[in-house]
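To keep things clear, I will list the structure first and then write my remarks on it.
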Amino acid sequence: MSEPKYVQIANKYARQIRSGAIPPKTRLPSYSEIAHDHNVSEIVVRKAVEQLHRAGLVRTVERRGTYVVERPNLTRLAPERQMESPETTFGSETDRPVSVEREIERVKATDELADDFGIDVGDELVHVVTRATEDGNPVSISDTYHLPDQETPDATFLEETLAEQIPTALHATWLNVPAGDSAITVHQRFLDNDDNLLMVSDVTYPRGRYQAFSFRMTVSPSG
């Protein structure tokens with residue numbers, strides 16, 4: 001799924017701000033200037049700037065403009081970016097090398113997964129383990145399950161449950177979390193317009209990776 005224009009613009013400025021290419025206290029170009037440079041409307045620019053606000057990267061001073069904050073936070077945005085690839089998501093957060101590895105296998109649905117997806121126990125699901133590193137350091141690992149015919153789920157809604165808890169053994173090992181220590185976990189359920197489950201994912205991040213989490217729940221227009 002290609003990124004909306006406003007996400008592309010927000011990610012571009014986010015990378016420049018976090019890398020220091022746009023220093024703190026710098027005034028961003030006006031909406032009309034950004035719109036002209038990217039061949040989009042000012043409505044699109046406004047949405048991009050709103051995303052930068054939610055990410056804690058900029059502040060707006062009435063009648064003066066939008067400025068880069070002194071201490072930009074690393075904020076995880078959802079769900080605008082939930083259908084991105086991890087390469088795009090983490091690449092928008094840093095100018096350091098990002099590497100993503102995936103293990104994909106067909107598995108039989110357990111009692112719990114069968115109940116979640118509304119299928120029979122033993123029916124086939126696709127299981128994807130995704131591991132991400134930034135400059136060689138582990139930053140994320142996820143377990144995702146979806147139906148075989150839902151490689152790119154056309155989700156309408158995203159439900160997320162955020163918690164700080166002890167990760168699974170697989171996730172703890174990848175993130176180098178000491179035994180008994182907690183990590184940030186996000187349980188995601190992607191649903192269609194009829195509330196049918198299309199995909200479920202458990203994502204784990206190291207504590208301290210993000211200073212804040214920003215959520216919006218509708219991921220595509222309902223039909």
Side-chain angles (χ1 to χ4, degrees), residues 1-8 10-11 43-44 46-48 50-51 53-55 75-90 92-93 100 102-132 139-168 170-171 182-205 209-210 212-223:
M1 182 179 293
S2 61
E3 291 180 321
K5 279 287 187 180
Y6 77 93
V7 175
Q8 295 178 32
N11 285 349
I43 294 175
V44 172
R46 187 176 301 277
K47 291 182 69 176
E50 287 174 354
Q51 181 155 316
H53 273 286
R54 290 198 300 275
T75 299
R76 176 184 173 279
L77 295 175
E80 290 93 339
R81 295 169 55 188
Q82 287 312 306
M83 300 312 290
E84 289 180 345
S85 69
E87 289 90 344
T88 299
T89 296
F90 290 111
S92 72
E93 296 178 351
V100 177
R102 295 174 178 82
E103 294 178 8
I104 304 174
E105 63 177 343
R106 298 290 179 108
V107 299
K108 303 298 184 182
T110 62
D111 289 349
E112 182 178 357
L113 287 170
D115 186 56
D116 284 345
F117 281 95
I119 59 179
D120 292 329
V121 174
D123 281 358
E124 193 171 74
L125 289 171
V126 178
H127 177 212
V128 184
V129 177
T130 305
R131 298 175 175 87
V139 293
S140 173
I141 181 171
S142 65
D143 278 284
T144 300
Y145 295 89
H146 63 78
L147 297 169
D149 60 349
Q150 291 286 342
E151 294 296 331
T152 54
D154 186 17
T156 302
F157 300 106
L158 168 63
E159 297 177 350
E160 293 198 335
T161 303
L162 172 68
E164 182 176 331
Q165 61 188 29
I166 296 175
T168 65
L170 175 67
H171 289 205
S182 62
I184 300 299
T185 64
V186 180
H187 179 67
Q188 302 174 327
R189 288 166 50 86
F190 293 86
L191 308 164
D192 66 14
N193 197 45
D194 295 319
D195 279 345
N196 297 310
L197 182 65
L198 303 178
M199 184 167 69
V200 62
S201 187
D202 287 288
V203 190
T204 305
Y205 305 98
R209 168 69 186 178
Y210 296 103
F213 287 72
S214 177
F215 299 92
R216 292 178 64 191
M217 287 298 102
T218 302
V219 293
S220 69
S222 59

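Because the structure is a prediction, the values reported are computed rather than measured.
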Roughly how far, to the nearest 0.5 Å, is the OG1 atom of T185 from the CG atom of L162? 7.0 Å
From the list L170, T130, T168, side chain to side chain contact (heavy atoms under 4.5 Å, CB included) partner of I141 resolves to L170
Tell me if the CZ atom of R46 is crowded by more than 12 foreign heavy atoms within 6.0 Å. no
Please report the closest heavy-atom contact between V107 and Y145, naming both atoms and the distance. CG2-CE2, 4.0 Å
Within a strict 4.5 Å, meaning less than it, do heavy atoms of the E159 and L197 side chains meet? no
Is it the case that more than 12 heavy atoms not belonging to Q165 sit under 6.0 Å from its CD atom? yes
Beyond-backbone contact of E124 with I119, side-chain heavy atoms, under 4.5 angstrom: no
Quick one: are L198 and L191 in side-chain contact, heavy atoms under 4.5 Å? no
Closest approach of T204 and P167, non-hydrogen atoms and distance? CG2-CB, 4.1 Å
So CD of E103 and CG of D143: to nearest 0.5 Å the spacing works out to 9.5 Å
Which atom of R106 lies closest to which atom of P148, heavy atoms considered: NH1-CB, 3.7 Å
Just by distance, do the side chain of D192 and the backbone of D194 share a donor-acceptor pair under 3.5 Å? yes
Of the non-hydrogen atoms in A48 and A10, which two are nearest, and what is the gap between them? O-CB, 3.6 Å
Non-hydrogen side-chain atoms of L147 and L125 separated by less than 4.5 Å: yes
Can you tell me how far OG1 of T144 sits from NE2 of H127, rounded to the nearest 0.5 angstrom? 7.5 Å
Considering all heavy atoms, the nearest M199-F117 contact: N-CE2, 4.1 Å
Measure the OH-CG distance between Y6 and N11 for me, rounded to the nearest 0.5 Å. 10.0 Å
Non-hydrogen atoms of Y205 and S140 that approach each other most closely: CE2-OG, 3.8 Å
Look up atom NE2 in H187 and atom CG in D202, then write down how far apart they are to the nearest 0.5 Å. 5.5 Å
Can you tell me if CD1 on I43 sees more than 12 non-hydrogen neighbours from other groups inside 6.0 Å? no
